[in-house]
Number of protein chains: 2
Amino acid sequence: MIPASETRQNLLREAGKLLAEHGYQGTSLSMIAARLGLTKQALLHHFKSKPLLYGAVLAELSEELLNVLFAAMDQGETPEHQLEVFFSAVAALGQENPDRLRLLMRALTEADATEAARSNGGEGRSLQDVLEPLVALIQATEAWEGSGAGTALGIASQLLGATCLFPAAAKILTAGFGTEVVDQAEQERCDLLHKLVHQVLTGMPPQELGASPAG
Amino acid sequence: MIPASETRQNLLREAGKLLAEHGYQGTSLSMIAARLGLTKQALLHHFKSKPLLYGAVLAELSEELLNVLFAAMDQGETPEHQLEVFFSAVAALGQENPDRLRLLMRALTEADATEAARSNGGEGRSLQDVLEPLVALIQATEAWEGSGAGTALGIASQLLGATCLFPAAAKILTAGFGTEVVDQAEQERCDLLHKLVHQVLTGMPPQELGASPAG
DNA sequence: CCCACATCCTACCAGTCGGTAAGTGATTTC
DNA sequence: GAAATCACTTACCGACTGGTAGGATGTGGG
């Protein structure tokens with residue numbers, strides 16, 4: 001008899017992958033269960049409904065991102081540096097596991113599903129628990145201190161979008177540009193993103209270039 | 001008797017809105033047709049299948065974006081300036097009509113649907129027709145000239161992500177942060193984005209700080 | 001040893017999906 | 001003025017959806 005916790009974890013993992021790839025509406029319960037050789041009813045035994053399953057998947061993702069954020073806040077000194085570390089870590093996370101960032105994009109975009117997951121008695125973390133400290137961290141930087149939460153939220157959206165779109169769109173881009181071009185982009189992605197984040201947060205180009213255009 | 005062209009245009013418009021909001025899998029043919037008081041079979045009379053309808057919607061979107069890109073290329077002088085104008089125009093487009101940017105995000109993210117739309121004998125423009133000149137334009141800038149298409153594609157993805165995520169996520173952000181905060185973010189979005197694009201392309205802060213641009 | 005429980009199954013449900021077939025009434029064409 | 005065409009309808013199809021009911025097969029405690 002396979003212990004419930006193991007099956008649950010396996011289901012969460014496979015559900016995460018499939019939801020990232022096909023979205024909430026495009027992923028059926030039987031599709032997820034079949035990945036582990038189970039029936040859809042076995043899945044419903046562990047997660048009472050589809051919205052609750054989605055809620056559990058999002059809670060796991062949120063927890064993961066929150067850990068990355070806290071780790072970055074421990075590591076960096078200034079808020080700027082902490083944010084740079086955070087976005088670099090998220091970008092790196094997308095390198096080994098692009099599904100997670102695709103899932104993040106889905107969760108931010110598919111309002112109906114995310115809403116249903118939360119309203120249906122969701123437990124555990126939510127994406128909001130990640131976004132709020134992230135916005136607060138942006139408001140703590142020199143460039144944005146004193147600005148409203150809306151401004152900081154706008155910055156957060158831009159940086160998240162810059163970080164997550166490529167992994168989410170990689171499949172389509174590959175179909176259009178070919179594997180070689182996309183692979184090159186993937187390799188340089190983290191580096192390019194770090195430069196972007198640094199520039200946005202500090203208003204000056206990355207250190208490596210000796211040129212100092214900023215006044 | 002309502003002329004076919006008019007009904008077709010109405011269907012495309014409503015389909016675009018619903019597809020932007022609920023995604024390909026989350027939007028049923030009857031849902032679209034019902035918006036105009038028609039039956040799903042009337043829709044299938046104008047568009048032979050769901051993938052073909054989606055293809056037509058994406059073709060219209062691609063045409064729209066391509067017009068924005070060409071207009072920007074006519075207006076700006078340097079490639080950097082042309083890109084700035086383009087992204088500002090796209091951001092502004094999202095202000096009056098956020099559905100279009102949500103749809104763009106969907107199209108870039110939902111690989112299955114976009115693929116099906118193209119393979120199913122799609123006519124007209126595709127997103128690839130927009131991305132290719134966009135990538136070429138980035139390769140024509142001083143900062144990225146000589147770099148490979150992959151690098152330019154990475155930059156394009158980042159800038160597009162920064163431009164489009166907020167409109168696509170606005171609904172969920174409103175649920176989490178409230179209308180006031182999101183409204184403020186929406187108002188400052190275009191301005192913030194312009195600064196980001198300028199910094200990424202030229203490596204220096206926006207002109208308003210008195211810094212002198214490239215020599 | 002037996003009972004309670006957990007895990008997973010088969011069988012089934014109403015509802016919806018995309019799509020086909022055939023027909024109706026208006027408009028145009030020859 | 002008959003025929004063809006157009007826009008659109010009702011009626012229907014098989015496949016699949018999320019979800020329920022009840023049973024089979026194990027496992028652990030008293």
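Chain identifiers are assigned alphabetically (A, B, ...) following the order of the sequence lines, protein sequences preceding nucleic acid strands; residue numbering begins at 1 within each chain. Given the structure is predicted, the values throughout are model-derived calculations rather than measurements.
- Among the heavy atoms of the strands lying under 4.0 Å from A:Gly37 are primed sugar atoms or P, OP1, OP2 only; no base atom is included.
- B:Ala42 comes within 4.0 angstrom of a nucleotide base, judged by non-hydrogen atoms across all strands.
- When the P atom of D:dG19 is taken as reference, atom CE of A:Met31 falls 15 Å away, rounded to whole Å.
- We find the CG-OG distance between A:Asp191 and A:Ser88 to be 9.0 Å, quoted to the nearest 0.5 Å.
- Between B:His46 and D:dC6 there is no side-chain N or O to OP1 or OP2 distance below 4.0 Å.
- Side chain of B:Thr114 to backbone of B:Ala107: a donor-acceptor contact under 3.5 angstrom is found.
- Side-chain N or O atoms of B:Lys50 include one that pairs as donor or acceptor with a backbone N or O of B:Thr27 at under 3.5 Å.
- Using a 4.0 Å heavy-atom distance criterion, A:Leu44 is classed as a base contact.
- A heavy-atom distance below 4.0 Å to DNA chain D is reached by none of the residues of residues 10-20 of chain B.
- B:Phe47 has its CZ atom 14 Å from the C1' atom of D:dA7, to the nearest Å.
- The interatomic distance linking A:Leu29 (CG) with D:dG19 (P) rounds to 6 Å, in whole Å.
- Side-chain atoms of B:Gln139 come within 3.5 Å of backbone atoms of B:Ser147 as a donor-acceptor pair (strictly under, hydrogens ignored).
- Residue B:Thr39 places at least one side-chain N or O closer than 4.0 Å to OP1 or OP2 of D:dT9.
- Donor-acceptor pairing under 3.5 Å is lacking for the side chains of B:Gln184 and B:Glu180.
- Taking atom NZ of residue A:Lys50 and atom P of nucleotide D:dC16, one finds them 15 Å apart after rounding to whole Å.
- Other residues, nucleotides and ligands place no more than 12 heavy atoms under 6.0 Å from the CD atom of A:Glu115.
- Of the N and O atoms on the side chains of B:Gln25 and A:Glu110, not one donor lies less than 3.5 Å from an acceptor on the other residue.
- Across the helix from C:dC1-D:dG30 to C:dC30-D:dG1, the helix axis at one end is tilted relative to the axis at the other end by 10° (nearest 10 degrees, each axis from five pairs).
- B:His22 has its NE2 atom 12 Å from the P atom of C:dC17, to the nearest Å.
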Can you tabulate the close N/O pairs, meaning under 3.5 Å, that link protein atoms to atoms of nucleotides 11-16 of chain C?
| unit_1 | atom_1 | unit_2 | atom_2 | d |
| --- | --- | --- | --- | --- |
| C:dA11 | N6 | A:Gln41 | NE2 | 2.8 |

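- Here B:Thr7 reaches the OP1 or OP2 of D:dC8: one of its side-chain N or O atoms lies under 4.0 Å away.
- Rounding to whole angstrom units, CD1 of residue B:Ile32 and P of C:dG19 are separated by 11 Å.
- A close approach under 4.0 Å does occur between a side-chain nitrogen or oxygen of B:His45 and OP1 or OP2 of D:dA7.
- When rounded to the nearest whole Å, the span between CD of B:Gln25 and P of D:dG18 equals 11 Å.
- Salt-bridge check for A:Lys171 with A:Glu21: passed, with a basic side-chain N closer than 4.0 Å to an acidic carboxylate O.
- Where A:Lys48 and B:Leu38 each meet DNA chain D at their nearest nucleotide, the meeting point lying more 5' is that of B:Leu38.
- Just one of B:Glu84, B:Glu80, B:His81 meets the side chain to side chain donor-acceptor pair (under 3.5 Å) condition when paired with B:His198; it is B:Glu84.
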